[in-house]
Amino acid sequence: MSQLELEDEVHDDLKAATGGFTKDADDANKLNRILQLTGFSDPVYAEAFVTVHHYDIVLDVTVINRTKETLQNLCLELATMGDLKLVDRPQNYTLAPESSKQIRANIKVSSTETGVIFGNIVYETSNVMERSVVVLNDIHIDIMDYISPATCADVTFRNMWAEFEWENKVAVNTVIQDEKEFLNHIIKSTNMKCLTPPSALDGECGFLAANLYAKSVFGEDALVNISIEKQHDGKLSGYIRIRSKTQGIALSLGDKITLKQKGGS
C-alpha cells in the first residue's frame, strides 16, 4: 500500500471506531433524540440533541438568537433531579443578531433511575437593564437506555425475588385481549427477557404467568412477574409486579409499564 492508502485506511478505521459511519436508521434515531427546549415565539430558540452513553449524558444544545439585538452574557443554566450530576459550570457567551451557538453540557449518571434535567437561558440586552430569562422544557432521561435483556437461573430469580425489598405493583389495564400478545408487548416495551420457556406458555386456558429479567449497565437487577387472566367479557385483568434492590428501578419501570401497557403498538 502507498502512504496515502495507508492513511485513508487508518482514517476509515478511526471513523468506524468513533461511530463516524451512520446508517439511515441511525439518522432517523438521531432525529428522535432532538428535543425542542423553547417555543418558536421565544426571543431565543433552543433545541438539544441528547446522547446517552452508559455513565454519561451529553447534551448538544443549539441556541439561536431570533432578535435583531446582540445578546450579552448569555448562559445556559441547567439543574438536575434524580441521580444525575452536572460535570462543568456553564460559560457566558455573546450572541450576535440572528446567529446561533452550539453549547455542550456533560452530565454524569450514577444509578438507573428516570432523571429529569431542567433549566433556563439567561441573557442581557443593551436596552434592558435587567436580565431576561427563557424557561426551558424539561428533559426526561429514559430508563430504557440503561437496562438490557439478561438471563439467570430459575433458582437465582426466586432467591432474588425473596431477597429484594422494593416492589411496585401495576394493575393490568389494556385494550389487548390476547394473553401472549400482551406479554410480548410488555417484553418489547420494557426491554426485558422472558425467562419462562415457550413450552410453559403453550395452550389456551385463559391464564398466563411469566417471569421477566433485565440487568442495568450499573449491574442492578430488575425482576418482573406478569400474572394475567382473561375475563368473561374478553378483557384481561391481573397484575404486573416489579422487584428490585433499589427504589429507582422499581418506580421508573412501573411508570414505563403504566405508560406503555394500554396500546397494542
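Since we're looking at a predicted model, the values are computed, not measured.
Separation of atoms OG1 (Thr62) and NZ (Lys101) is listed at 11.5 Å; rounding is to 0.5 Å. Taking CG of Asn168 as the reference point, atom CD1 of Ile242 lies at 4.5 Å (rounded to 0.5 Å). Rounding to the nearest 0.5 Å places OG of Ser244 at 9.0 Å from CD of Glu165. One finds the CG atom of Leu212 at 7.5 Å from the CG atom of Leu195 (value rounded to the nearest 0.5 Å). Taken from CG in Leu253 to OG1 in Thr258, the straight-line distance is 9.5 Å, to the nearest 0.5 Å. The distance from atom NZ of Lys85 to atom NZ of Lys108, rounded to the nearest 0.5 Å, is 10.0 Å.
Of the candidates Val44, Val122, Thr94, Leu71 forms a side chain to side chain contact (heavy atoms under 4.5 Å, CB included) with just one, namely Val44. The one candidate from Asp138, Ile139, Thr80 that meets the side chain to side chain contact (heavy atoms under 4.5 Å, CB included) condition with Phe118 is Asp138.
Not a single donor-acceptor pair under 3.5 Å links the side chain of Arg104 to the backbone N or O of Val58. Although no hydrogens or angles enter the test, the distance criterion places no donor-acceptor pair under 3.5 Å between the side chain of Thr190 and the main chain of Ile257. Panel note: side chain Lys256, backbone Ser189; no donor-acceptor pair is recorded below 3.5 Å. The backbone N or O of Glu163 sits nowhere less than 3.5 Å from a side-chain atom of Asn159 that would complete a donor-acceptor pair. A donor-acceptor pair under 3.5 Å is absent between the side-chain atoms of Ser99 and the main chain of Leu95, judged by distance alone. Checked by atom type and distance alone, the side chain of Asn191 pairs as donor or acceptor with a backbone atom of Ile147 at under 3.5 Å.
Cluster annotation: Val224 is connected to Ile176 through the hydrophobic network of ILVMFWY side chains, with a link wherever side-chain heavy atoms come within less than 4.5 Å. Residues Ile64 and Leu78 fall into different hydrophobic clusters, defined by Ile, Leu, Val, Met, Phe, Trp and Tyr side chains chained together at heavy-atom separations under 4.5 Å. No chain of hydrophobic side-chain contacts below 4.5 Å, direct or via other Ile, Leu, Val, Met, Phe, Trp or Tyr residues, connects Phe164 to Leu251.
Looking only at side-chain heavy atoms (C-beta outward), Ile103 and Ile121 stay at 4.5 Å or farther from each other. Between Phe207 and Glu179 there is no side-chain heavy-atom pair separated by less than 4.5 Å. For the pair Asn211 and Leu223, the minimum side-chain heavy-atom distance is 4.5 Å or more. Here the side chains of Ile187 and Leu183 are in contact, with some heavy-atom distance below 4.5 Å. No side-chain heavy atom of Ser237 sits less than 4.5 Å from a side-chain heavy atom of Val172. Leu76 places none of its side-chain heavy atoms less than 4.5 Å from the side chain of Val63. In this structure the side chain of Leu35 never reaches within 4.5 angstrom of the side chain of Asn137, judged on heavy atoms.
Between Leu236 and Phe182, the shortest heavy-atom distance links the atoms CD1-CB, 3.8 Å. Among all heavy-atom pairs drawn from Ala222 and Ile249, the shortest one is CB-CG2, 3.9 Å. Contact record, Arg241 with Trp161: O-CH2, 3.7 Å, taken as the closest heavy-atom pair. Listed here is the closest heavy atom pair of Trp166 and Lys245: CD1-O, 3.1 Å. In terms of heavy-atom proximity, Thr196 sits nearest to Ala210 at OG1-CA, 3.3 Å. Across every non-hydrogen atom of Tyr123 and Val134, the tightest pair is CE2-CG2, 3.9 Å.
More than 12 heavy atoms of other residues, nucleotides or ligands sit less than 6.0 Å from atom NZ of Lys180.
In this pair, Tyr213 and Phe157 present their aromatic rings perpendicular. The plane angle is above 60°, beyond the 30 to 60° band.
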